[in-house]
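Both counts, for ligands and for their atoms, begin at 1 and track the order of listing. All figures in this text were calculated on a predicted structure; none of them were measured in a lab. Excluded from the calculations below are hydrogen atoms, water molecules and symmetry mates; all remaining heavy atoms, backbone and side chain alike, are included.
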Amino acid sequence: MRRKIVAGNWKMNTTVQEGLELAEAVAKNAEKGMPEGVSIILAPPFTHIAGIKEVIPDFIGLAAQNCATEESGAFTGEVSAGMIASAGAQYVITGHSERRSIYRETDLELNKKVKTAIKNKLSPVFCCGENLDERQKGIHSEVVRKQIEKGLADITKDDFQKIIIAYEPVWAIGTGKTATPGQAQEMHHFIRNLLKELYGEKIADQTSILYGGSCKPSNAAEIFENIDVDGGLIGGASLKADDFMAIARSF
Ligand code: PGA
């Protein structure tokens, strides 16, 4: 059975105090009981991780939103996977479209980040997805194929078990425009088949593939209903504890 996961990507929002309050509100709601087999993960800014670790129960996962390609050394301003793990996180988002487009992160760099994350016992939440132009040209599958082939190259089958994939069409992120359930299922199915081709049937069956892009309480159920959609990576709606938890309860 694949894990069902709802992860909240807070992006560059909240002060430390606001983040603690948000995490506590999520924890309070989650402690009332979670739907069978559903895990939740919070991805606050780096500065919040260690503090939030102290106020949430162990069953709520913690993620960073990015990590350095290198392990340590003279890289002013970078945060390594080892530091993130030592702050109490178990996951790290890699290759979010905002990192790819605004900070020009390349497939090769992302491949390094995934590897250093795994080496430091973090589970990468590897993001992929096409932009509007690529969707309109009908090349979305090829774009996602290339992102996965290059970003997740040379990973052993054993290590691959730690990876979670998030399919996030860029045109749906923060735009209020969600992929239709049909579009989401089509791409998730494509990704699962690609994993089968690259890493075999077992990995393809076991890997959780999350949908991201304007997911909210009103549309989560119809997206999560699809056979190849194993949950969501939630941006805007994760900043309100009630909305985030309503999404987590949509299965
Ligand atoms: P959104 O962001 O839910 O605000 O569209 C999703 C994401 O960027 O992960």
| message | Quick test of your reading of the structure: of C127, G174, S238, G232, whose heavy atom lies closest to atom 5 (O) of ligand 1? | response |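 Looking at heavy atoms only, the winner is G174.
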| request: Using modelled atom types only, decide if a donor and an acceptor are shared between the side chain of N111 and the backbone of A153 within a distance under 3.5 Å. | output: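 Checked: pair present.
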| request: Using distance alone, determine whether H96 and ligand 1 share an N or O pair under 3.5 Å. | output: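 Yes; the residue has a nitrogen or oxygen that sits under 3.5 Å from a nitrogen or oxygen of the ligand.
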| task | Flag G213 as yes when one of its N or O atoms lies below 3.5 Å from any N or O atom of ligand 1, and as no otherwise. | result |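 G213 vs ligand 1: no N/O contact under 3.5 Å.
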| query | Taking the side chain as C-beta and beyond, is there a heavy-atom pair between K115 and D154 under 4.5 Å? | reply |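 Yes; the side chains approach each other to less than 4.5 Å.
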| task | Measure the shortest side-chain to side-chain distance between F126 and I148 over non-hydrogen atoms and say whether it is less than 4.5 angstrom. | result |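 Side chain of F126 against side chain of I148, heavy atoms only: contact under 4.5 Å found.
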| Residue that, paired with D107, satisfies salt bridge (Lys or Arg N to Asp or Glu O under 4.0 Å) out of K113, R145, K146 |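 When K113, R145, K146 are each tested with D107, the salt bridge (Lys or Arg N to Asp or Glu O under 4.0 Å) holds only for K146.
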Enumerated ligand 1 atoms positioned under 4.0 Å from heavy atoms of [X]:
| X | value |
| --- | --- |
| K11 | 2 (O), 7 (C), 8 (O) |
| G236 | 1 (P), 3 (O), 4 (O) |
| A172 | 5 (O) |
| N9 | 9 (O) |

| field | Nearest neighbour in protein (non-hydrogen) for atom 9 (O) of ligand 1 | value |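 Scanning the protein heavy atoms, the shortest distance from atom 9 (O) of ligand 1 goes to E168 OE2, 2.6 Å.
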| message | For atom 3 (O) of ligand 1, what's the nearest protein heavy-atom neighbour? Residue, atom name and distance, please. | response |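 Ranking protein heavy atoms by distance from atom 3 (O) of ligand 1, first comes G235 N, 2.9 Å.
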| Which pairs, with at least one residue in residues 205-223 and sequence neighbours excluded, count as a side chain to side chain donor-acceptor pair (under 3.5 Å)? |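 Passing the test, one end in residues 205-223: T178-N219.
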| request: State which residue, out of K121, K162, K53, fulfils the side chain to side chain contact (heavy atoms under 4.5 Å, CB included) condition with Q90. | output: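 Per the side chain to side chain contact (heavy atoms under 4.5 Å, CB included) rule, the option paired with Q90 is K53, out of K121, K162, K53.
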Which pairs would a plain distance check flag for residues 25-42, meaning a side-chain donor or acceptor within less than 3.5 Å of a matching protein atom at least two apart in sequence or in another chain?
residue : atom : partner : partner atom : Å
N29     : OD1  : R249    : NE           : 3.4
N29     : OD1  : R249    : NH2          : 2.7
S39     : OG   : R3      : NH2          : 3.4

